Protein chains: 2
Amino acid sequence: MGKITLPFEQPVTAADKTFIKLRADIVEGDLAAGQKLSEAELSTKYGVSRAVVREAMNRLESSFLVERKANVGARVATLSVEGLIELYQVRESLEGMAARLAAKNMTDKEIADLNKLLSKHFDKVKDGESYYQEAGDLDFHYRVILGSKNQHLIDMLINGIYHLVRMYRVQLGMAGPRVTTAFDEHKHIVQAISNRDEELAEMLMRRHILYSKNNIENKLISMQSN
Amino acid sequence: MGKITLPFEQPVTAADKTFIKLRADIVEGDLAAGQKLSEAELSTKYGVSRAVVREAMNRLESSFLVERKANVGARVATLSVEGLIELYQVRESLEGMAARLAAKNMTDKEIADLNKLLSKHFDKVKDGESYYQEAGDLDFHYRVILGSKNQHLIDMLINGIYHLVRMYRVQLGMAGPRVTTAFDEHKHIVQAISNRDEELAEMLMRRHILYSKNNIENKLISMQSN
DNA sequence: CGCCCCTATATTGTCTACAATTTACAAAAC
DNA sequence: GTTTTGTAAATTGTAGACAATATAGGGGCG
């Protein structure tokens with residue numbers, strides 16, 4: 001379902017597990033945005049030593065989910081309109097390139113699967129289940145990113161900023177009027193990829209993300225004025 | 001000079017220093033590409049405990065300079081044609097966006113300074129000192145990136161992939177026939193930024209990096225056939 | 001002779017204790 | 001009453017010891 005992570009070949013080490021748990025708790029808002037993260041507290045809470053907590057927090061910092069200051073400590077990332085805009089500017093840039101490369105590098109079979117995924121999601125949304133949009137949208141973007149076959153790009157998006165994107169979405173309670181609109185945009189992007197039209201695929205993906213940003217941004221602003 | 005790092009507010013902690021030293025040694029090739037990095041060895045070599053070596057290596061991993069496998073160890077990143085291409089695709093995407101945002105967000109004073117930097121470099125290169133091209137080019141890109149005023153973008157580029165770019169350059173012994181050509185491209189980019197033409201600034205930056213990639217790529221391929 | 005398994009060694013992962021720094025609080029000076 | 005300064009508590013940074021895992025080598029078995 002919302003299987004976004006694809007974390008590790010084998011999520012073995014304790015630091016790995018703690019990292020994943022912490023990340024989930026942050027994204028879901030269980031650990032509130034901006035909150036101070038005490039190493040000792042987390043150590044007892046997750047039943048591991050401070051060393052592995054520190055290791056996990058290092059990785060979380062690389063994902064922009066926590067901010068650390070030397071000798072002071074770590075805080076959960078804070079959400080803001082400015083931060084959201086900056087994040088989506090990066091997304092627009094990177095995912096635009098991902099779509100371009102996907103049009104170039106995806107196999108015919110992968111493209112066929114992408115089409116299948118799309119129509120499957122469409123069937124579900126037809127019945128008004130807007131929850132699926134969230135997972136479906138992420139799935140779609142996820143596949144295009146992997147389709148780029150560019151490891152750096154994949155790392156930066158999947159392990160880097162995508163969990164922060166999820167954090168914004170979850171904590172804003174997404175699922176909105178953009179459901180059907182977004183589906184049309186997805187469809188056009190896939191068409192461009194199917195036609196191996198790199199230029200168009202990039203342009204459509206960039207616009208899609210730009211629209212998405214404006215949508216969330218409006219929601220966030222209206223929430224602030226409550 | 002080649003002051004690329006802008007490391008920390010105050011580079012205080014031992015892990016910070018070790019991280020910076022290790023990074024320099026990797027970029028300069030003092031620690032060879034692909035080489036195994038033993039925590040114990042590095043610990044004695046740099047005169048710190050294994051804990052700080054591990055902390056430093058975690059950060060190096062985030063910068064794509066070392067690769068770690070659980071229970072196996074860390075290696076210095078390996079250089080390859082494919083890796084270079086992927087890296088420059090990411091650069092093209094992110095720095096293109098940076099140029100766009102710089103055209104939007106740089107102050108008039110910052111743009112004036114950028115112009116000054118450019119003519120200063122031009123004077124030096126006129127006298128055939130090609131070394132300055134390396135530092136000058138990085139300086140130029142550095143300023144545009146900062147001019148974007150997008151913290152995520154800045155982090156990903158400056159702390160993220162830029163040291164890997166330097167590693168490729170240093171170990172390929174850059175400084176080539178592209179010196180004057182690149183200067184023209186820089187000039188045009190600055191002109192677009194001065195005119196606040198976001199669209200053109202992005203396009204020119206992307207082409208500039210694309211050309212640069214082709215240049216280095218050719219060099220790398222000709223080296224392989226030796 | 002080649003393959004597999006088992007053991008010894010080395011390396012990484014984790015834990016606990018100690019050192020250094022920051023933060024909070026209170027007392028003293030203005 | 002406000003500000004400054006010194007001391008105590010709490011938190012992070014660092015070090016070293018122990019546990020778990022992977023690697024290499026040798027011996028046994030087919």
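Residue numbering restarts at 1 for every chain, and letters A, B, ... go by the order of the sequence lines. Being a predicted model, the structure only gives us computed values, none of them experimental.
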**Message:** Quick check against the 3.5 Å criterion: does A/Glu28 have a side-chain atom that pairs as donor or acceptor with the backbone of A/Asp25?
**Reply:**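 No.
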**Prompt:** Between the side chain of A/Ser148 and the main-chain N/O of A/Val144, is any donor-acceptor distance below 3.5 Å?
**Reply:**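 Absent.
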**Fill in**
5'-most contact on DNA chain C (nearest-nucleotide basis), A/Asn71 vs A/Val52, goes to A/Val52
**Item:** Given DNA chain C, 5'-ward residue of the pair A/Ala15 and A/Arg50, judged by closest heavy atom
**Value:** A/Ala15
**Request:** Could you label the plane-to-plane angle of the B/His186 and B/His141 rings as parallel, tilted or perpendicular, counting under 30° as parallel and over 60° as perpendicular?
**Result:** perpendicular
Give a yes/no on whether any side-chain N or O of [X] is located under 4.0 angstrom from OP1 or OP2 of [N].
X: A/Thr13; N: C/dT14; result: yes
X: B/Arg54; N: C/dT12; result: no
X: A/Lys36; N: D/dT12; result: yes
X: B/Ser49; N: D/dT14; result: no

[X] has an atom [atom1]; how far is it from atom [atom2] of [N], in whole Å?
X: B/Leu42; N: C/dT12; atom1: CG; atom2: C1'; answer: 13 Å
X: B/Met57; N: C/dT12; atom1: CE; atom2: P; answer: 7 Å
X: B/Lys69; N: C/dT12; atom1: NZ; atom2: P; answer: 13 Å
X: A/Asn58; N: D/dG13; atom1: CG; atom2: C1'; answer: 12 Å
X: B/Asp16; N: D/dG13; atom1: CG; atom2: P; answer: 9 Å
X: A/Lys17; N: C/dT14; atom1: NZ; atom2: C1'; answer: 13 Å
X: A/Glu39; N: C/dT16; atom1: CD; atom2: P; answer: 15 Å
X: B/Tyr46; N: D/dT14; atom1: OH; atom2: P; answer: 16 Å

**Request:** Classify the nucleic acid contact of B/Ala51 as base, sugar-phosphate or nothing, counting any heavy atom under 4.0 Å across all strands shown.
**Result:**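 Counting heavy atoms under 4.0 Å across all strands, the contact made by B/Ala51 includes a base.
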**Nucleotide nearest A/Val72 when distance is taken to its side chain, options D/dT23, C/dT23, C/dA17** =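 Among the listed nucleotides, the one closest to the side chain of A/Val72 is C/dT23.
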**Request:** Check whether any side-chain heavy atom of B/Glu67 lies under 4.5 Å from a side-chain heavy atom of B/Glu61, and answer yes or no.
**Result:**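 No - every pair of side-chain heavy atoms lies 4.5 Å or more apart.
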**Message:** Using side chain to side chain contact (heavy atoms under 4.5 Å, CB included), reason through A/Lys149 and A/Glu110 one step at a time and then give a plain yes or no.
**Reply:** CA-CA 12 Å; A/Lys149 310 285 176 76; A/Glu110 286 169 340; 3.4 Å; yes
